[in-house]
Amino acid sequence: MQAAPVRATAIPSFTTALRAVESLLMSGGQRTARRNAWNSVLEDRRRAKDRVEAERVLGQSAGRTVSVQR
């Protein structure tokens, strides 16, 4: 008796599955707008982190400690 052949089928990632559902539910323009909005959020977070770091460095160079609220 021979064993059945094994098929190596990749299971899609969660992200891939969400994008597939998204493509069915949204038009291309809506999808692009949502992604652009999310990229803007990530960029704002990066800029805020950079600003806090710059304030810390400037405070140290002035010889004082700056307490920044997050």
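Contact check for K49 versus E53: no side-chain heavy atoms found under the 4.5 Å cut-off.
Not counting sequence neighbours, the partners of R35 by the side chain to side chain donor-acceptor pair (under 3.5 Å) test are E22. Under the side chain to side chain contact (heavy atoms under 4.5 Å, CB included) criterion, T16 pairs with P12, S13, sequence neighbours left out. By the side chain to side chain contact (heavy atoms under 4.5 Å, CB included) test, V41 pairs with W38, R45, sequence neighbours left out.
R47 and D50 are not joined by a salt bridge, as no carboxylate oxygen comes within less than 4.0 angstrom of a charged side-chain nitrogen.
Taking a 6.0 Å sphere around CZ of R31, one finds it holds more than 12 heavy atoms contributed by other residues, nucleotides or ligands.
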